[in-house]
**Q** 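Here it is, the structure, as structure tokens.
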Number of protein chains: 4
Amino acid sequence: MCPMDHEKRSHRGAPGKVSKRVAQGLRSRDSLLRAATRQFAERGFSATSIDDVCRDAGVVKSAVYWHFESKEGLLAAVLEETATAWIDGIVASVQQTGDPRERLSRAMVGMRDLVENRPALLRLLQSMLLERTGENAETRAVLVRVFDRARSALTDGIAEVIGSRPPGLETTAALLLASLDGIFLQHQLRRDVAELDRMFAELERAIVFLVTSLFNEAQRGRPDGTAGADRTPPADGEADK
Amino acid sequence: MCPMDHEKRSHRGAPGKVSKRVAQGLRSRDSLLRAATRQFAERGFSATSIDDVCRDAGVVKSAVYWHFESKEGLLAAVLEETATAWIDGIVASVQQTGDPRERLSRAMVGMRDLVENRPALLRLLQSMLLERTGENAETRAVLVRVFDRARSALTDGIAEVIGSRPPGLETTAALLLASLDGIFLQHQLRRDVAELDRMFAELERAIVFLVTSLFNEAQRGRPDGTAGADRTPPADGEADK
Amino acid sequence: MCPMDHEKRSHRGAPGKVSKRVAQGLRSRDSLLRAATRQFAERGFSATSIDDVCRDAGVVKSAVYWHFESKEGLLAAVLEETATAWIDGIVASVQQTGDPRERLSRAMVGMRDLVENRPALLRLLQSMLLERTGENAETRAVLVRVFDRARSALTDGIAEVIGSRPPGLETTAALLLASLDGIFLQHQLRRDVAELDRMFAELERAIVFLVTSLFNEAQRGRPDGTAGADRTPPADGEADK
Amino acid sequence: MCPMDHEKRSHRGAPGKVSKRVAQGLRSRDSLLRAATRQFAERGFSATSIDDVCRDAGVVKSAVYWHFESKEGLLAAVLEETATAWIDGIVASVQQTGDPRERLSRAMVGMRDLVENRPALLRLLQSMLLERTGENAETRAVLVRVFDRARSALTDGIAEVIGSRPPGLETTAALLLASLDGIFLQHQLRRDVAELDRMFAELERAIVFLVTSLFNEAQRGRPDGTAGADRTPPADGEADK
DNA sequence: GATGAATGAGCTTTCATTCAT
DNA sequence: AATGAATGAAAGCTCATTCAT
């Protein structure tokens, strides 16, 4: 009768207990979600039929409508999940240890890993961005949220590393994200791992430079050195030659 | 029975009347092409029906099959046209006058213009890349060609500016293209012109830095200064502080 | 496994707790019945889905199968109830007090009330008649029974009033019922209360005339005046001018 | 591309000429219309699937969408056609020759014929009235128009017969239509031809009475007898005993 | 008694494509 | 070259019904 909200209702009494049938329900919901993520990422939303998804998930068509109400609803759920995973990837790549230069370097490796090994994430987000933001406001809202959180994570990470938050930092983070997206797109086309390495190296150099100069500007702005004085400025063999 | 080559056939008899028919034919072919570009860019290939395109073009459905043989054929034609226009845009942005720094700056303006005022170009290319490279080799080939030519144009342009062609230059050009794509994607989501300005400024700084250091490396590599000695190294107030 | 007869089964053990379950059961049965009556009357049987009914009743879908075995069974129950209510309405309108003319007048008011204030009754009966008598014999049987009882009630009422039961009386009663149905249909279309008033006034005049002439014929048939001589013939200022 | 308006376009030059293919098109359109009328009348709109109609018409499913745009559109076309036929039936029954009493009598025969031999007309109109006026304003509009034209035809016919148009005449006509509808409904249930005869006879008596008294009232209203003086008042052996 | 989930047939509609004119 | 009609597969979705819990 009214699905979609069954996760909120506790089944009479025992809250942790899910009555086998419900457990099976969650399992098929999950299969659908996984299959849909795969298919939407591979062929795009429009080009994927519900039958495609169900075949892949091993579930009958009407189950989609029980669990997600519509194809659009399935997409929304997929997007929500994927978005979370993608942000988690970004956050994980930011939370590194070591001196600033090393942290950045490891972050780049983390992002490269996203591009190379989790292509479904980025494919899905990007193709939804291109395919569906024109007509579906909800999809757009999800994507804006995703992007904002990823940028914030990056901004925070950099700010933590350099010990200050200079004004242009958000733009730098946004440019980093953009480059990540663009590199991914290019990699989708060429699938040349060596080129991928070179581009990430080049991107790293650029980011180091941008962050360093932002940092220096910020230092120059307050020469008393109160903020961030406890941290060494990011050392960069190339930028400050 | 054998369309697609009607441009080669000379029509028998009265040239005045025939050329009118041919002209009409070209006109509807053109309407279709324009409408298809719009629609494919806006909603993606799969989500656009031939009816959508024809409604937009004000042409009957069967005309598509006369002029382009199939939906796929229509896409190929659209892609060919769009690709040419996009490369032309890149080339035009590279062919600037003035001192190196100024040329780069103008090139950036040119690219920004592509992002802001010709979104259909990029949307179409990117969404075809995401939507169709999995299944359609021809589309992929077209896109690889487009990308290679754009990168060559950029590489050549930079090489001309700095008077040398250091080994990493292609990668820098590729990263520039990637960033352009990424910025475009982000702009599709946010439509924030001020942010677009900031990102392009940041990108310009990064590119100047990358090119400068490439140039410097190249200089260091051949200290006799034979190559490019007739040119001033790109001046950058920030990179060589 | 064998519902539908749960009203006959006495539940074992604690009567307090059981009666609570039973009461709840009756309550949802009732909600379903009410909702189904509304929905079937409004949109017809075929156009109403079990989900529609359940949404309206605030009950889960499977409850329908517990209480009524099938959609068809739900309809049967609805029809039974509605039919009873409708016949009760007719009977009530017939059982009036006062002199013959007054009784008829009041009966008309009662029928008009049915048309205006209990439209679901008539809508349901009529649409079932049109929608389902082709394929479903049971529905047809119910409706025939309903109609016969209503006609009998009318016939009896008139016979009581005029003190005799002339041969054509049943037809007059049937025509009265038919007119009632037709007026109802028209009212469904126009929803014009003033027109409804006029039509009922006109109908009343016609019925008075028909009954009067039936009565007169019957009198003429037995000139000794034994039957019904204790009653004044229905007075009608227009018919016997 | 844009069907539905092909009837307005003349095919280049020759206006009467329909190019075989178009003629075939009109033929399938017609088959669909006929089949849909049958099926909708028999099973109701909702209970009839497009497949049902197409099977009956011997036409493929998508043709419905070419000719009528949707199931709703098909209904609209069916309704328009049926309505016209039904009004024509009423009009034909009114246009009779002979003295007033005879004309009425023949009109009743005509209406009876509609009830008995063209049941699809009435079934369709009535069931659409019950099934679809709640949700579809267009259907309602069509039906109101139909009803109004039928009532006008009756009113005009009676007015012509009695040589005047007394104020209550429209109501009498509406009641006559209502009775016709109600009798039809009852006949759908019982299919008893003898009863049908009796009811029409009874209805005729009632109508004669109502019209006569309307006429007499009108005469009393203008005792100079200018209007309608050239016509004998309708003679009725029963009403003016 | 009630519930959440499943099931598969069938629904209306859209689609790319074909074809005779 | 263009058009109106046809075609059939497949799309997204709804439905009545069943079933284990």
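By convention in this document, chain letters (A, B, ...) are assigned in the order of the sequence lines, proteins followed by strands, and residues within each chain are numbered from 1. Values in this document were obtained by computation on a predicted structure and should not be read as measured data.
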**Q** Just how far, in rounded Å, is P of E:dT13 from CD1 of B:I50?
**A** 22 Å
**Q** Between F:dC15 atom P and C:L74 atom CG, what is the distance in whole Å?
**A** 15 Å
**Q** Specify the residue among B:K71 and C:S62 whose closest nucleotide of DNA chain E lies further upstream toward the 5′ end.
**A** C:S62
**Q** Verify whether one side chain among D:S127 and C:E131 offers a donor that lies under 3.5 Å from an acceptor in the other.
**A** no
**Q** Which pair of non-hydrogen atoms, one from A:G25 and one from A:H67, has the smallest distance, and what is that distance?
**A** O-CE1, 3.3 Å
**Q** Measure from CD on A:E69 to C1' on F:dC13 and round the result to the nearest Å.
**A** 12 Å
**Q** Starting from the 5' end of DNA chain F, give me the residue, C:S70 or A:F45, whose nearest nucleotide shows up first.
**A** A:F45
**Q** Quick one: is F:dA6 close enough that its OP1 or OP2 comes under 4.0 Å of any side-chain N or O from D:S28?
**A** yes
**Q** Does D:S49 or A:A63 map to a spot on DNA chain E nearer the 5' end, using the closest nucleotide for each?
**A** A:A63
**Q** Partner lookup for E:dT21, please. Criteria are Watson-Crick or G-U wobble with both distances under 3.5 angstrom; report none if nothing qualifies.
**A** F:dA2
**Q** Between C:Q39 and C:D52, is any side-chain donor less than 3.5 angstrom from a side-chain acceptor?
**A** no
**Q** Applying a 3.5 Å limit to both distances, which nucleotide forms a Watson-Crick or G-U wobble pair with E:dC15?
**A** F:dG8
**Q** Nearest 0.5 Å, what's the CZ-CZ distance between B:F45 and B:R132?
**A** 4.5 Å
**Q** Between F:dA6, E:dA6, F:dG12, spot the one nearest the side chain of D:Q24, thanks.
**A** F:dA6
**Q** Can you tell me how far P of F:dA16 sits from CZ of C:F68, to the nearest Å?
**A** 15 Å
**Q** Using a cut-off of strictly less than 4.0 Å, decide whether D:W66 has a side-chain nitrogen or oxygen near OP1 or OP2 of F:dA5.
**A** yes
**Q** Can you find a heavy atom in the side chain of D:I50 that is under 4.5 Å from one in the side chain of D:Y65?
**A** yes
**Q** Starting from P on F:dA20, measure out to OH on C:Y65 and report it in whole angstrom.
**A** 17 Å
**Q** Is A:S46 touching bases, backbone alone, or none of the nucleic acid, heavy atoms closer than 4.0 Å?
**A** nothing
**Q** Take atom CG of B:D51 and atom P of E:dT14, then tell me their distance rounded to the nearest Å.
**A** 10 Å
**Q** Would you kindly give the CG-to-P distance between D:L32 and E:dT13, to the nearest whole Å?
**A** 14 Å
**Q** When the distance from NE2 of D:H67 to P of F:dT7 is rounded to whole Å, what number comes out?
**A** 10 Å
**Q** Kindly point out which of E:dA16, E:dG10, F:dT17 is positioned nearest to the side chain of C:K61?
**A** F:dT17
